[in-house]
Protein chains: 2
Amino acid sequence: MNATPPPPRYVAIAEALRARILAGDWPPGHPIPTEASLMAEFGCSRMTVYRALWGLAEAGLITRRRRAGSHVAAPRREEAVFGIHDIEAEIARSGAPYRYERLSRALRPAGRAERARLGLAGPAEVLALGARHFAGPRAFVLEDRLIHLAAVPAARSESFATVPPGRWLLSHVPWNEAEHRISAEPAGAFEAAALAIPRGAPLLVLARRTWSGEVPVTAVRLCYPGPDYALVGRFRPGG
Amino acid sequence: MNATPPPPRYVAIAEALRARILAGDWPPGHPIPTEASLMAEFGCSRMTVYRALWGLAEAGLITRRRRAGSHVAAPRREEAVFGIHDIEAEIARSGAPYRYERLSRALRPAGRAERARLGLAGPAEVLALGARHFAGPRAFVLEDRLIHLAAVPAARSESFATVPPGRWLLSHVPWNEAEHRISAEPAGAFEAAALAIPRGAPLLVLARRTWSGEVPVTAVRLCYPGPDYALVGRFRPGG
DNA sequence: TGGGCGAATATGTATAGACAAATACGCCGC
DNA sequence: GCGGCGTATTTGTCTATACATATTCGCCCA
């Protein structure tokens with residue numbers, strides 16, 4: 001019945017150009033019309049054209065250089081964006097009932113290996129946690145986490161008996177930098193027992209370290225049993 | 001000697017606000033001053049303030065709503081951006097000499113499984129390729145690829161005896177949508193032989209499908225041997 | 001032929017002003 | 001107290017203009 005409201009003009013301009021690029025009419029390196037000629041073509045002011053082109057440049061579809069003009073960008077290297085949600089949400093999406101179980105909790109001075117894992121130079125106190133996450137009856141993830149107590153003092157008094165540390169940290173630590181590392185490893189004795197899989201079976205291991213500013217906050221190692229689980233990401237250049 | 005030129009004002013404003021947010025002075029949900037008051041604070045026009053806030057909103061640091069104003073955003077779910085380069089560049093970065101070896105090449109009508117892998121409904125012709133990539137003496141990746149010939153007719157006459165198909169496609173197919181799937185699987189007989197690892201050893205499997213517009217272009221399965229390889233990504237919210 | 005320098009050109013930043021659109025808030029009537 | 005409605009507030013879009021800045025192009029001179 002009611003037509004959707006027309007998009008802003010700068011969006012319309014960007015879409016028109018994007019379509020021509022994605023259709024292959026303009027191959028990589030092909031010049032984009034100058035702002036002046038786009039003003040004439042679309043009958044609008046230069047700021048509006050500028051905003052359209054700025055968006056395309058930010059999306060990586062075009063490059064812009066003073067005096068040289070705008071050109072279709074060479075295909076970027078592919079980048080996959082994987083949403084790594086907190087585990088409860090991840091399982092909830094699959095429909096299975098979620099259950100969390102704390103396996104261990106220890107508060108201690110960080111050993112050499114633990115300092116390395118967190119990227120700490122000097123001595124520090126850490127909270128070491130082990131936990132399992134279940135999707136229905138199946139152990140879905142095995143979690144092995146260190147929390148740097150100097151960075152998150154409030155964690156000291158948390159038992160994490162029922163609250164998953166990932167969720168708790170997300171709502172208590174404001175902003176971080178994160179490093180992710182994904183690898184495949186054979187299950188050791190502990191992982192095999194905890195996940196009810198054979199020793200040596202492949203594990204998808206996601207190791208993540210996060211910082212708040214310059215201060216390491218937490219290092220977590222999530223083990224997903226074998227081929228049951230996959231990280232999936234979709235990527236659209238300039239999408 | 002020479003000081004760096006001062007950043008544009010809108011960058012300076014954005015940085016000032018970003019600093020306050022990242023320092024935790026303004027927790028999630030905290031209101032950002034209105035554009036009008038930021039105009040006064042920084043002594044500039046509304047468009048300049050708007051541009052600064054727009055950038056922060058795009059980066060996900062703040063949310064903006066008409067009448068309600070701007071607020072510090074709740075921590076987003078974590079997202080990892082993994083650069084997935086073409087394999088040659090990936091190995092070159094590690095310093096080892098790169099070698100490519102084509103194992104097989106077959107041009108045939110797509111079977112049922114191959115159509116499913118590419119996401120094709122009707123009949124189609126595909127080019128099936130098998131290849132190995134070496135870093136020094138070690139087999140680094142096993143590649144198993146399908147190319148949809150209707151989408152990339154030029155591939156029909158390519159032998160891919162010396163040119164890796166990934167690199168060739170990157171420079172011949174303009175823009176695509178890509179789907180990535182990362183999982184851990186045990187090595188089968190073929191993978192074990194090709195990569196010189198034991199059967200059942202963990203493989204990091206990266207499956208990628210790409211489209212050009214609506215048309216499937218290629219489906220590739222890259223098998224990395226076990227714990228030797230890891231995908232690493234860094235992520236900064238609003239960075 | 002080659003190198004340097006100036007000018008033309010396209011983008012980058014910023015201003016002031018105007019109107020549009022969404023919506024939170026308070027007023028008013030019940 | 002409560003529900004509905006008008007309005008003020010805040011952001012979203014757009015115009016017209018001005019000047020800054022980077023870089024290419026071409027001219028001129030050696």
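Proteins come first, then strands; the chains are lettered A, B, ... in the order of their sequence lines, and each starts at number 1. All heavy atoms count here, side chains included; hydrogens, waters and symmetry mates do not.
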Would you mind reading off the distance between [X] atom [atom1] and [N] atom [atom2], rounded to a whole angstrom?
| X | N | atom1 | atom2 | answer |
| --- | --- | --- | --- | --- |
| A:R9 | D:dC14 | CZ | P | 7 Å |
| B:Y10 | C:dA14 | OH | C1' | 11 Å |
| A:R51 | C:dA14 | CZ | P | 16 Å |

Who pairs with [X] by ring-ring contact (aromatic ring centres under 6.0 Å, His included), at least two apart in sequence or on another chain?
| X | result |
| --- | --- |
| B:F160 | B:W168 |
| B:H30 | B:W26 |
| B:Y10 | none |

So, is B:Y50 close to the D:dT11 phosphate, meaning a side-chain N or O under 4.0 Å from OP1 or OP2? no
Check whether any side-chain nitrogen or oxygen of A:S70 sits under 4.0 Å from OP1 or OP2 of C:dT11, and answer yes or no. yes
Starting the side chain at C-beta, find the nucleotide from D:dT11, C:dA14, D:dC14 nearest to A:M47. C:dA14
Contacts of type side-chain hydrogen bond (donor to acceptor under 3.5 Å, both in side chains), residue B:R145, not counting sequence neighbours: B:E143, B:T218
Collect all protein-nucleotide pairs involving nucleotides 3-6 of chain C in which both atoms are nitrogen or oxygen and the distance is under 3.5 Å.
none

What does the list of N/O pairs under 3.5 Å between the protein and nucleotides 18-23 of chain C look like, with a distance for each?
{"from": "C:dA21", "atom 1": "N3", "to": "B:R66", "atom 2": "NE", "distance (Å)": "3.4"}

